J.: 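Here's a structure for you.
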Amino acid sequence: MTLEILICCFFQISDIQTIWINQTILKEFILVGFSNYPDIKTFIFVVFLCLYLFTLMGNVAILGLTWVDRALHIPMYLFLSALSFSETCYTLTIIPKMLADLLAKNRSISVVGCGLQMCFFLGLGGTHTIIFTLMGYDRFLAICNPLRYPLLMTNMVCGQLVASAWAAGFFISLVETSLIFRGFFCNPNLVKHFFCHMRAIVKLSCLDSDFTKLIVTVISVSGLLGTFMLIILTYIFILSTVLRIPSAEGKRKAFSTCASHLTVVIIHFGFASIVYLKPEASGGDDTLIAIPYTVLTPFLSPLIFTLRNKDMKNALRKLLGKIVALDK
């Protein structure tokens with residue numbers, strides 16, 4: 001009897017050692033990405049490359065115009081330039097790697113690299129969302145408290161709020177990334193995504209992934225819904241104030257200052273909610289579902305803010321006029 005117990009203990013220890021070895025040797029992930037669509041990978045690469053280049057051009061244009069034109073050195077456009085900068089960094093964390101993987105046979109990423117990508121993606125995404133909320137707050141102060149606005153929203157206050165957005169975004173990101181990467185990962189190491197999306201990585205955890213998934217989902221959904229509800233609340237106050245303006249021209253000007261922001265907010269939160277509020281068991285290809293908020297929204301955002309904004313268009317005309325005058 002004693003011999004049988006010893007043999008059982010030996011095999012149990014061996015099994016534990018085998019599991020431990022299997023956990024520790026996993027040092028990289030394979031990003032499945034668009035490998036399920038081999039016939040159109042080249043087409044996808046060309047389309048995404050064009051969208052990415054236009055996204056960079058649009059955001060750089062906003063940053064450049066805001067920097068050059070002193071008339072745009074006001075909180076409204078400082079928030080916009082902060083949004084463009086965070087969006088540029090946000091796309092930089094995933095799209096170059098995704099484009100490289102579309103052409104490469106080896107689509108691996110180290111566990112450390114995956115953790116860093118996730119941390120920066122979540123941090124910049126959170127920062128991006130908070131800046132959207134701050135832009136709504138800025139419009140609320142400008143329309144609902146026009147007399148006190150210059151005192152309440154100075155450039156210094158704007159800078160402090162943007163810095164707080166970065167701090168809050170990366171604090172939440174570090175918490176989520178630490179929860180996901182606190183343990184080991186089990187084989188197979190196939191990530192069914194084109195980047196280290198938290199839902200795809202949590203599924204590979206050797207620890208209790210259901211608990212981690214629940215905590216991370218609660219944090220993400222709370223942040224998404226919380227900021228969205230704050231923006232909706234500010235626009236309820238804005239709408240009630242605008243409707244009390246007697247002149248039609250005054251109403252039109254008030255609405256025009258909010259139109260671009262509100263349009264981008266609806267697009268951003270609409271696409272993001274599809275991913276983060278989608279039930280796990282609902283099915284669907286997460287790779288395709290993630291394209292709108294990782295590729296399309298960053299492309300549309302600078303386009304809407306520049307084309308629908310009279311001050312930005314005027315600043316662009318002035319800059320082009322100066323360039324033409326210098327060439328002559």
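Not measured: the values here are computed from a predicted model. Values reported hereafter were calculated over all heavy atoms of this structure, with side chains retained and with hydrogens, waters and symmetry mates removed.
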J.: Would you say the side chain of T55 lies within less than 4.5 Å of the side chain of Y90, judging by non-hydrogen atoms?
T.: no

J.: Is there a side-chain contact between I180 and T212, using heavy atoms and a 4.5 Å cut-off?
T.: yes

J.: Should H128 and F132 be marked as a ring-ring contact (aromatic ring centres under 6.0 Å, His included) after you check the CA-CA gap, both sets of side-chain angles, and the distance that decides it?
T.: CA-CA 6 Å; H128 203 65; F132 270 130; 5.1 Å; yes

J.: Report the C-alpha distance between H261 and Y235 in whole Å, list the side-chain angles of each, state the deciding distance to 0.1 Å, and finish with yes or no for ring-ring contact (aromatic ring centres under 6.0 Å, His included).
T.: CA-CA 11 Å; H261 175 254; Y235 272 101; 5.8 Å; yes

J.: To the nearest 0.5 Å, how far apart are CD1 in I266 and CD1 in I231?
T.: 10.5 Å

J.: Could you tell me whether the side chain of T241 reaches within less than 4.5 Å of the side chain of I238, counting heavy atoms only?
T.: no

J.: Quick one: are L161 and V157 in side-chain contact, heavy atoms under 4.5 Å?
T.: yes

J.: Any chance you could measure I215, atom CD1, to S220, atom OG, to the nearest 0.5 Å?
T.: 11.0 Å

J.: Using only atom types and a distance under 3.5 Å, with no angle test, would you say the side chain of H73 pairs donor to acceptor with the backbone of W67?
T.: yes

J.: Look only at the side chain of E28 and the backbone of S108, and say whether a donor-acceptor pair between them is shorter than 3.5 Å.
T.: no

J.: Looking only at atom types and distance, does a side-chain atom of S81 sit under 3.5 Å from a main-chain N or O of L78, one as donor and one as acceptor?
T.: yes

J.: Less than 4.5 Å apart, side chain to side chain, heavy atoms only: is that true for L99 and F45?
T.: yes

J.: Measure the CG-CZ distance between L296 and F48 for me, rounded to the nearest 0.5 Å.
T.: 7.5 Å

J.: Mind checking whether Y293 and H197 have parallel, tilted or perpendicular rings, split at 30° and 60°?
T.: perpendicular

J.: Counting C-beta onward and ignoring hydrogens, is there a side-chain heavy-atom pair between W166 and L124 closer than 4.5 Å?
T.: yes

J.: Should I40 and I95 be counted in the same cluster of Ile, Leu, Val, Met, Phe, Trp and Tyr side chains packed under 4.5 Å apart?
T.: yes

J.: Do F269 and T129 come within less than 4.5 Å of each other through their side chains, counting heavy atoms only?
T.: yes

J.: Any chance you could lay out the side chain to side chain contact (heavy atoms under 4.5 Å, CB included) test for M76 and R139, step after step, and finish with the verdict?
T.: CA-CA 8 Å; M76 177 180 175; R139 292 300 83 207; 3.7 Å; yes

J.: Look up atom CG in L49 and atom CE in M98, then write down how far apart they are to the nearest 0.5 Å.
T.: 9.5 Å

J.: Side chains of F185 and I201, heavy atoms from C-beta outward: is any pair under 4.5 Å?
T.: yes

J.: Please report the C-alpha distance between T297 and H268 in whole Å, then the side-chain angles of each, then the deciding distance to 0.1 Å, and finally whether the side chain to side chain donor-acceptor pair (under 3.5 Å) criterion is met.
T.: CA-CA 6 Å; T297 303; H268 173 80; 5.5 Å; no

J.: Can you label the angle between the F195 ring and the F121 ring as parallel, tilted or perpendicular, going by 30° and 60°?
T.: tilted

